[in-house]
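For reference, the structure is listed below as structure tokens.
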Protein chains: 2
Amino acid sequence: MNDFYTEEQKDIARWAKALGHPVRVYIIQLLSKQSCCYSGDLAEELPIARSTLSQHLKELKGSGLIQGKIRPPKIKYCLNKENWAKAKILFSNLLDI
Amino acid sequence: MNDFYTEEQKDIARWAKALGHPVRVYIIQLLSKQSCCYSGDLAEELPIARSTLSQHLKELKGSGLIQGKIRPPKIKYCLNKENWAKAKILFSNLLDI
DNA sequence: TTAGTATTTCGTAAAAATACGAAACAAATG
DNA sequence: CATTTGTTTCGTATTTTTACGAAATACTAA
């Protein structure tokens, strides 16, 4: 492991990286507003292939910012509220808000 | 150009991407505290090659988050206060702070 | 059981990020 | 002018990201 950086710095970097693409910002903004959505709803409005969208969702999920609940035959995506709250705190500190 | 995303979404993504590596978070945190620093000072404390550091600084500069002023023979790096203020606003909105 | 719906995974390709050491550069000093 | 100092650019290699279409998966409904 790289021991040089603090856990906080790594968390900020991980979440910032997750927000480092406009489509993922779009998704997070949507989830902030309406709390949940389905991949299909996103796919209809976004100008990218479904598989590409799926990749972005996977990345957001991997960062911990969102979570997906299987609700057959769909998958319902929501913010991961716990991590979102953490992210708020860390970004607030960084930005001195 | 990709017209689908708003300027705001692109700005957030650009700045988030710039913060998407622990070393760049480290640099930004430092500059938030002490407002300015030299590449050499960073190079001494960071566990990466000077050329790699230079690349990270270039990326931060490219994103608009920092700026470098030539102060021979050194280069003095500072936060770009204008963009930093913008970033604060955009991230505040996104995080609903 | 077959067909349909929603989404992901796979295979692949192209572009971007990360890292290093060597070499180049730009300005001040001897 | 030659040297020193601080930093960047170059060349290169490796890894990661982004993107797409085709195929696979998982569950429901007919």
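It should be emphasised that the depicted structure is a prediction, and the values quoted were computed from it without experimental measurement. Lettering follows sequence order; numbering is per chain, from 1.
Residue B/H21 places its side chain closer to C/dA19 than to any other of C/dT9, D/dC10, C/dA19. Distance from the side chain of B/I75 is smallest to D/dT8 among D/dT8, C/dT18, C/dA6. Side-chain atoms of B/S51 lie closest to C/dC20 of the nucleotides C/dC20, D/dA22, D/dT8. Nearest nucleotide to the side chain of B/Q55, out of C/dT18, D/dT7, D/dA19: C/dT18.
A/L31 has its side chain out of reach of A/W84: every pair of non-hydrogen atoms, C-beta onward, lies at least 4.5 Å apart. Two residues are said to be in side-chain contact when any heavy atoms from C-beta on lie closer than 4.5 Å; B/L65 and B/L19 meet this criterion. Contact of the A/V23 side chain with the B/F4 side chain is not registered, since no non-hydrogen atoms from C-beta on lie closer than 4.5 Å.
For the pair B/I66 CD1 and D/dT8 P, the computed distance is 9 Å after rounding to whole Å. Between the NZ atom of A/K74 and the C1' atom of C/dG4 there is a distance of 14 Å, given to the nearest Å. Atoms NZ (A/K69) and C1' (C/dA6) sit 18 Å apart, rounded to a whole Å. Between B/L57 atom CG and D/dT7 atom P the separation is 10 Å, expressed in whole Å. A/Y38 has its OH atom 9 Å from the P atom of C/dT7, to the nearest Å. Note: CG (B/L60) to P (D/dT8) measures 12 Å, nearest angstrom. For A/L53 and C/dT8, the CG to C1' distance is 11 Å, given to the nearest whole Å. To the nearest angstrom, P of C/dA17 lies 14 Å from CG of B/L19.
Across all strands shown, A/E59 has heavy atoms under 4.0 Å from sugar-phosphate atoms exclusively, and none from any base. B/I48 comes within contact range of the sugar-phosphate backbone alone, with a heavy-atom separation under 4.0 Å but no base atom that close.
OP1 or OP2 of D/dA19 has not a single side-chain nitrogen or oxygen of A/T52 nearer than 4.0 Å. Listed pair A/K17 / C/dA17 fails the phosphate criterion, with no side-chain N or O lying under 4.0 Å from OP1 or OP2. Phosphate contact (OP1/OP2 of D/dT17, side-chain N/O of A/H56, threshold under 4.0 Å): absent. Side-chain nitrogen and oxygen atoms of A/R50 include none within less than 4.0 Å of the OP1 or OP2 phosphate oxygen of D/dC20. Within the 4.0 Å cut-off from OP1 or OP2 of D/dT8, at least one side-chain nitrogen or oxygen of B/S39 is found.
Within 6.0 Å of the NZ atom in B/K88, the count of heavy atoms belonging to other residues, nucleotides or ligands exceeds 12. Within 6.0 Å of CD on A/E82 lie no more than 12 heavy atoms contributed by other residues, nucleotides or ligands.
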